[in-house]
Amino acid sequence: MTSLSVETLAADAVEPITSAGNTQLGIAVLAGIAVIVLLITKFKLHAFLALTIGTLALGAFAGASLGDTITSFSAGLGSTVAGVGVLIALGAILGKLLADSGGADQIVDTILSRASGRAMPWAMVLIASVIGLPLFFEVGIVLLIPVVLLVAKRGNFSLMRIGIPALAGLSVMHGLIPPHPGPLVAIDAIGADLGVTLALGLVISIPTVIIAGPLFSRYAARWVDIQPPERMLQTLEKRPSEETDKRPSFGATVATVLLPVVLMLVKALVDIVVDDPENQVQKIADVVGSPLMALLAAVLVGMFTLGRAAGFTKDRLASTVEKSFGPIAGVLLIVAAGGGFKQTLIDAGVGQMILDFSENWAIPALLLGWLIAVAIRLATGSATVATISAAGLAAPLAADMSTSHAALLVLAIGAGSLFFSHVNDAGFWLVKEYFGMDVGQTIKTWSVMETIISVVGLGFVMLLSLIV
């Protein structure tokens, strides 16, 4: 694993930045989170600035000096960017290639052409899950909305019967599966194995997305029986693939999207079967299956299987890569500031406080990680902020965990970060506006779907914890 572990990060801090007791630390943590929540929800401040100011508030309430707080924040910010920043950038390039080349449209059109009426919700969840692997949630929504609306219109389906499966597929990938930013940062913070987390995440994701997608959509369609809004159908923009007659093939597109997943899973499998650091096969697998190399390989392959197959010139490829970085600037800053907040929590001694709390209340570590993420998600509305902050708080719980249980802690936090999206979540309003719903209808469909994902995901995490 190329990213730094929590133990390594904690070792950088020679001594705690404060000698405050558990009571003062508890108040400091609540105050710091409250500042972040207030700045994001009340004053609409960008999450990067809110996390930065919240970190300073945390240090002040904990009795740490401003200099020590800034040092911890800077160290955490730098190590987080070093650990996951390049991976987020590579994922963005792959996603941009997929969208601009028409590869995403090729996946959509191929699956829909072979799906019957009853199978359409299942086809939509499959499309969203495959496309959602390399794409950020918001990008996936924008990409799939035209498909969802047109399929619902032409097939005379309730919009919820088609839309909920697509949203579920995107949301599950976003919350549970690397290389999305939240899971990557949680893996880095907790020191979990990426391959094992990916494998267990896929095991949990499949039944979770089925329950929250095609199955729940039957009820959602009864509760909110609406048709695609005409204003959206009339303003659908031309898809990128329509700029050229060429498209990458379905097989090549799917193979490119799944390449990093396969490489990382192969590494995890070799690590389990061989289990010998000196073995040449394991050494090769560790390099090829590392997140950096797996994503880099997918990007380089994608330039040919996606870009060149769509007729892109060298200049067009260079332009596509360059344009992929703009949308992720905000994500990188939020992730980096979240890493700084996490490191300040660690250096302040909050980890020991969490351990003491969990021992006194006898709360299972996996459930505690989920509850922390739920609380932050409800307060801030951001799944990424919830994952980053909860991972920092729950990291000490993984100290004595097995490899599989550390991965399950990451997934429990990821599941908690998706709980009940409501009016303080940008995704809530994005879904509401695209689907032409009012607030009440959005809560009964989108918010309930997110809650189902969170609770069902936790259920499967707890079940796997009894087996692995």
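Side chains are part of it too, since the values below use all heavy atoms of this structure and drop only hydrogens, waters and symmetry mates.
For the pair Q343 (side chain) and G340 (backbone), a donor-acceptor distance under 3.5 Å is absent. Between the side chain of Q282 and the main chain of D276, a donor-acceptor pair closer than 3.5 Å is present. When atom types are taken as modelled, the side chain of H174 and the backbone of G132 share no donor-acceptor pair closer than 3.5 angstrom. Panel note: side chain T208, backbone I204; a donor-acceptor pair is recorded below 3.5 Å. Using a distance-only test at 3.5 Å, with no hydrogens or angles considered, no donor-acceptor pair links the side chain of S129 to the main chain of L126. A donor-acceptor pair under 3.5 Å is absent between the side-chain atoms of H405 and the main chain of A398, judged by distance alone. Counting only distance, with no hydrogens or angles, the side chain of S421 and the backbone of S447 share no donor-acceptor pair below 3.5 Å. In terms of modelled atom types and a separation under 3.5 Å, the side chain of T451 and the main chain of F420 share a donor-acceptor contact. Remark: the backbone N or O of G76 is paired with a side-chain donor or acceptor of S79 at under 3.5 angstrom.
Listed here is the closest heavy atom pair of L58 and L345: CD2-CD2, 3.5 Å. Between L418 and A383, the closest heavy-atom pair is CD2-CB, 4.3 Å. Taking both residues in full, the closest heavy atoms of T253 and L306 are given as OG1-CD2, 3.8 Å, listed atom of the first, atom of the second, then distance. Of all heavy-atom pairs spanning S158 and A221, the tightest one is OG-CB, 3.6 Å. Contact detail for T69 and T55: the closest heavy-atom pair is CG2-O, 3.6 Å. Across M462 and P364, no two heavy atoms sit closer than the pair CE-CB, 4.5 Å.
Looking at T80 and I388, their side chains never come closer than 4.5 Å, going by heavy atoms from C-beta outward. In this structure, I190 and L397 have side chains that are not in contact, with every pair of non-hydrogen atoms separated by 4.5 Å or more. Two residues are said to be in side-chain contact when any heavy atoms from C-beta on lie closer than 4.5 Å; V29 and F61 fail this criterion. Side chains of M124 and V148 form a contact here, defined as non-hydrogen atoms less than 4.5 Å apart. Using a 4.5 Å cut-off on side-chain heavy atoms (C-beta onward), I177 and S205 make contact. The side-chain heavy atoms of Q441 and D438, taken from C-beta on, include a pair separated by under 4.5 Å. Side-chain contact between I70 and L56: present, with at least one pair of heavy atoms (C-beta onward) separated by less than 4.5 Å. The side-chain heavy atoms of V288 and K267, taken from C-beta on, include no pair separated by under 4.5 Å.
Within 6.0 Å of atom OH in Y219, 12 or fewer heavy atoms from other residues, nucleotides or ligands are found, so the atom counts as exposed in its surroundings. By the 6.0 Å contact criterion, NZ on K323 is open, its count of non-hydrogen atoms from other residues, nucleotides or ligands being 12 or less. In this structure, D400 places its CG atom where only 12 or fewer heavy-atom neighbours from other residues, nucleotides or ligands lie under 6.0 Å away.
Once rounded to the nearest 0.5 Å, the distance linking CG of L458 with CD1 of I453 reads 13.5 Å. Taking CD1 from I36 and CG from L38, the interatomic distance works out to 11.0 Å, rounded to the nearest 0.5 Å. The distance from the CG atom of L295 to the CG atom of L184 is 8.0 Å, given to the nearest 0.5 Å. If you take CG on L77 and OG1 on T344, they are separated by 10.0 Å, rounding to the nearest 0.5 Å. Interatomic distance, I33 CD1 to L51 CG, rounded to the nearest 0.5 Å: 10.5 Å. Atoms CG and CG, on D188 and L194 in that order, are 10.0 Å from each other to the nearest 0.5 Å.
For F419, the ring-ring contact (aromatic ring centres under 6.0 Å, His included) test picks out W370, with sequence neighbours left out.
Taking the six-membered ring where tryptophan is involved, the planes of F48 and H46 are perpendicular, since the angle between them exceeds 60° and thus also 30°.
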Would V321 and K96 count as a side-chain contact (heavy atoms from CB on, under 4.5 Å) here? Give the steps.
CA-CA 7 Å; V321 171; K96 186 68 172 172; over 6 Å; no
Would T445 and V431 count as a side-chain contact (heavy atoms from CB on, under 4.5 Å) if you check the C-alpha gap in whole Å, the side-chain angles of each, and the deciding distance to 0.1 Å?
CA-CA 10 Å; T445 54; V431 171; 5.9 Å; no
Stepwise side-chain contact (heavy atoms from CB on, under 4.5 Å) check, F460 with L464
CA-CA 6 Å; F460 281 109; L464 277 180; 5.6 Å; no
Worked verdict on L97 versus T256 for side-chain contact (heavy atoms from CB on, under 4.5 Å)
CA-CA 10 Å; L97 284 170; T256 305; over 6 Å; no
Evaluate the side-chain hydrogen bond (donor to acceptor under 3.5 Å, both in side chains) criterion for residues R161 and S217: first the C-alpha distance (whole Å), next the side-chain angles of each, then the deciding distance (0.1 Å), finally the verdict.
CA-CA 5 Å; R161 192 75 175 102; S217 70; 2.5 Å; yes
